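The structure under discussion appears below in the form of structure tokens.
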There are 2 protein chains.
Amino acid sequence: MKETSHPDAALLQVDAPHRELLDQVLDKWSLQVLDVLCGHPRRFNELRREIPVVGQKSLTATLRRLERNGMIERHVISTRPLAVEYRVAPLGDTLNELIDALLRWTTANMPEVARARARFDDDDENEDE
Amino acid sequence: MKETSHPDAALLQVDAPHRELLDQVLDKWSLQVLDVLCGHPRRFNELRREIPVVGQKSLTATLRRLERNGMIERHVISTRPLAVEYRVAPLGDTLNELIDALLRWTTANMPEVARARARFDDDDENEDE
DNA sequence: CGGTATCCATTGCGATACTG
DNA sequence: CAGTATCGCAATGGATACCG
């Protein structure tokens with residue numbers, strides 16, 4: 001009976017609290033931001049340059065959310081004009097290991113996913129009589 | 001120099017292809033569906049009952065996407081009225097291990113996140129002079 | 001039963017303009 | 001520089017109705 005690949009599957013359910021946290025922390029931009037930030041701290045506009053597709057508003061929102069959840073820290077350097085530095089908090093670092101695991105998974109399985117997509121799309125085309 | 005907790009951080013970048021795949025596979029409902037399906041196969045309306053908050057339209061979309069990416073398989077049983085069974089594909093099973101890792105992470109760090117939020121929200125209130 | 005099609009409210013999100 | 005505020009559009013996603 002090896003329907004599930006690991007024994008404690010029943011204990012791990014995706015309930016509301018888990019979902020809410022994962023949503024806050026694995027959302028559209030958080031992965032990128034956290035991953036980029038993990039190398040070394042960045043300033044706000046440095047992040048914008050490194051992730052050009054994200055709008056300023058979304059970036060701000062993402063940073064605030066990550067900060068609120070303890071994933072990153074925001075340091076204001078009161079120079080003129082002022083500077084703000086973002087860096088990963090210890091908690092965010094533990095999460096980043098999981099993100100890297102996800103990245104390794106995508107890298108490893110990208111070809112197989114591509115095959116699955118090709119198969120699916122082909123079957124779809126041929127099924128109109 | 002231990003800025004990053006693991007050596008290969010530079011090799012793992014969240015680029016467009018990775019993001020696209022993760023978006024398809026870790027989106028709002030996929031986690032739930034995949035996790036539920038991992039126990040044993042389900043019929044369409046069984047899934048609806050087990051995840052009552054998801055709309056029928058979104059569930060269909062999620063199932064199609066997961067199927068297209070090779071995460072699950074769809075089996076039509078041509079009885080009257082017809083039945084459709086969804087089950088995890090091998091590829092989906094490997095992904096599910098990562099999902100469980102994420103769930104373990106949330107479970108383990110939920111308290112610390114809660115503290116971080118309380119701190120953040122408190123600071124926020126007190127900062128209006 | 002297992003969907004698809006349509007309608008509609010809500011939200012997400014980028015672009016722009018403005019502030020300390 | 002590092003945001004906030006406002007606008008407007010496009011995409012989500014639920015509710016409903018209908019089909020094989």
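From a predicted model like this one, the values you see are computed outputs, not experimental measurements. Here is the naming used below: chain letters follow the sequence lines, and residue numbers restart at 1 for every chain.
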Whole angstrom value for the distance that separates [atom2] of [N] from [atom1] of [X]:
X: B:Asp27; N: D:dG13; atom1: CG; atom2: C1'; answer: 12 Å
X: B:Arg65; N: C:dG3; atom1: CZ; atom2: C1'; answer: 17 Å
X: B:Arg64; N: C:dG2; atom1: CZ; atom2: C1'; answer: 9 Å
X: B:Asp23; N: D:dT12; atom1: CG; atom2: C1'; answer: 14 Å
X: B:Trp29; N: D:dT12; atom1: CH2; atom2: P; answer: 15 Å
X: A:Lys57; N: D:dA5; atom1: NZ; atom2: C1'; answer: 9 Å
X: B:Phe44; N: C:dT4; atom1: CZ; atom2: P; answer: 8 Å
X: B:Leu63; N: C:dG3; atom1: CG; atom2: P; answer: 8 Å

Please determine if a side-chain N or O atom of [X] lies less than 4.0 Å away from the OP1 or OP2 oxygen of [N].
X: A:Arg74; N: D:dG3; value: yes
X: A:Arg48; N: C:dG14; value: no
X: B:Arg80; N: C:dC1; value: no

Closest-nucleotide ordering on DNA chain D, the 5'-leading residue of A:Tyr86 and B:Leu59: A:Tyr86

A:Pro81 vs A:Thr60, nearer the 5' end of DNA chain D by closest nucleotide: A:Pro81

Minimum-distance pair of heavy atoms, taken over all atoms of B:Leu82 and B:Val84: CD1-CG2, 3.8 Å

Nearest non-hydrogen partners of A:Gly92 and A:Leu34, listed with the distance: O-CD2, 4.0 Å

Side-chain ion pair, B:Arg104 and B:Asp100, N-O less than 4.0 Å: no

Given D:dT6, C:dG2, D:dC1, the nucleotide with the shortest approach to the side chain of B:Val84: C:dG2

Any donor-acceptor N/O pair under 3.5 Å between C:dG2 base and B:Gln56 side chain: no

DNA chain C: 5'-proximal contact among A:Ser58 and A:Leu82 (nearest heavy atom): A:Ser58

Qualifying residue for side-chain hydrogen bond (donor to acceptor under 3.5 Å, both in side chains) with A:Asp15, from A:His18, A:Gln13, A:Arg19: A:His18

Verdict with supporting geometry, A:Asp123 and A:Arg119, salt bridge (charged side-chain N to carboxylate O under 4.0 Å, His left out): CA-CA 6 Å; A:Asp123 292 0; A:Arg119 236 179 296 127; over 6 Å; no

